[in-house]
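A short write-up of the structure that comes next.
Order of appearance sets the numbers: ligands from 1, and atoms from 1 within every ligand.
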Amino acid sequence: MNRRSLIRNVLLAGVGVSLPLKGLWAGTKSPLTRPYHRFQLGDLELTTITDGYVHMSPVHPGFAPEVPAAQVNDLLKKNFRPTDYMDLGLNILVVKKKDQVILIDTGVGSTYGKNSGWLMSSLADAGIAATDISTIIISHGHPDHVGGLLNADGVINFPNATVYVSRLEHEFWMAAEQDFSKSTFENKDLLKTYTKATQQIFTTIKPKLQLFDDGQVLHDCIRLEIAPGHTPGHTITHIYSGNQSIVHVADLIHSDVLLFPHPEWGFNGDTDFHQAIATRKKVLAKLTASATPIFAYHLPWPGIGHARKKDQAFEWVAETYAYPQ
Ligand SMILES: [Zn+2]
């Protein structure tokens with residue numbers, strides 16, 4: 001829009017006389033196009049950055065494999081969403097407490113194509129140096145969470161970080177055999193490929209690795225809770241400062257419009273389909289009762305909101321912002 005048409009549009013809107021028109025075309029460059037979202041939680045500085053997204057097509061039976069496709073499509077349509085695909089966000093949270101810089105999950109790395117693997121450039125755009133990352137928390141061993149630990153040459157991206165993985169999770173992936181019998185995911189060969197990739201990554205980072213158990217506290221601002229189902233040692237991260245908190249739920253839930261109203265519909269990326277449903281219900285019930293803010297790895301950018309009770313289940317209330325920030 002050029003200056004003349006901008007003036008015309010403002011005048012046509014009937015607000016021209018009351019707006020400080022001069023400021024509208026002063027030519028100040030917007031500082032708001034940065035691909036990150038920064039906010040404060042008590043004395044912690046939190047930054048969401050993006051690793052890109054995963055394009056999932058079709059939606060069904062990846063979601064709700066035991067529910068008729070028509071019922072799933074109907075709910076998508078009611079929410080003005082496409083029925084033939086769903087783009088899953090890759091939201092990565094950085095927590096800064098004084099000189100501690102804590103990264104939660106690392107994205108897909110270099111293997112998923114051009115729609116993802118943006119972690120390192122997103123960090124740089126947010127003014128965060130890879131060498132400043134002191135702690136990395138891995139929610140679970142899937143490739144879209146551990147892939148960014150290494151660069152394309154197989155060298156660790158974060159030379160000064162200690163990497164925390166739950167003991168259960170580490171044992172599961174490093175075992176000679178993985179039990180995928182409770183997963184509805186059909187392509188078991190692909191699961192084997194994932195397993196090999198994760199084993200390779202865990203082996204490479206071994207000198208940096210620190211295993212934890214349920215309830216582990218880090219830096220007086222993080223509490224790690226095992227929430228099994230998606231994987232055996234899948235971990236959610238409670239982040240707190242004073243009486244404020246937010247819970248990073250990782251892969252507890254992959255769709256706002258499908259799985260909040262129907263947590264029982266399930267997701268076939270879950271290692272134990274039914275345990276994941278039970279955990280999803282239990283954690284969402286707790287977070288709803290306490291009205292705790294939620295950060296979700298795969299929900300639409302920037303992945304922040306609340307769960308609210310609705311009918312017999314829940315709904316996602318995304319945080320909104322008056323302007324990009
Ligand atoms: Zn994931």
Centres of the Tyr53 and His298 rings: under 6.0 Å?
-> no
Have a look around the Zn ion (ligand 1) and list protein N/O/S atoms under 2.8 Å, or say none.
-> Asp144 OD2, His145 NE2, Asp251 OD2, His298 NE2
Acceptor/donor pairs from residues 96-104 side chains to any protein atom, 3.5 angstrom cut, sequence neighbours excluded:
| unit_1 | atom_1 | unit_2 | atom_2 | d |
| --- | --- | --- | --- | --- |
| Lys97 | NZ | His219 | O | 3.1 |
| Gln100 | OE1 | Ser134 | OG | 2.8 |
| Gln100 | OE1 | His219 | NE2 | 3.3 |

Side-chain contact test, heavy atoms from C-beta onward, threshold under 4.5 Å: evaluate it for Arg308 versus Trp316 and give yes or no.
-> no
Give a yes or no on whether Gln40 atom CD has more than 12 heavy-atom contacts from other residues, nucleotides or ligands under 6.0 Å away.
-> yes
Just wondering, more than 12 heavy atoms not from Phe180 lying within 6.0 Å of its CZ?
-> yes
Would you check if the distance from the ring center of His142 to the ring center of Trp173 is below 6.0 Å?
-> yes
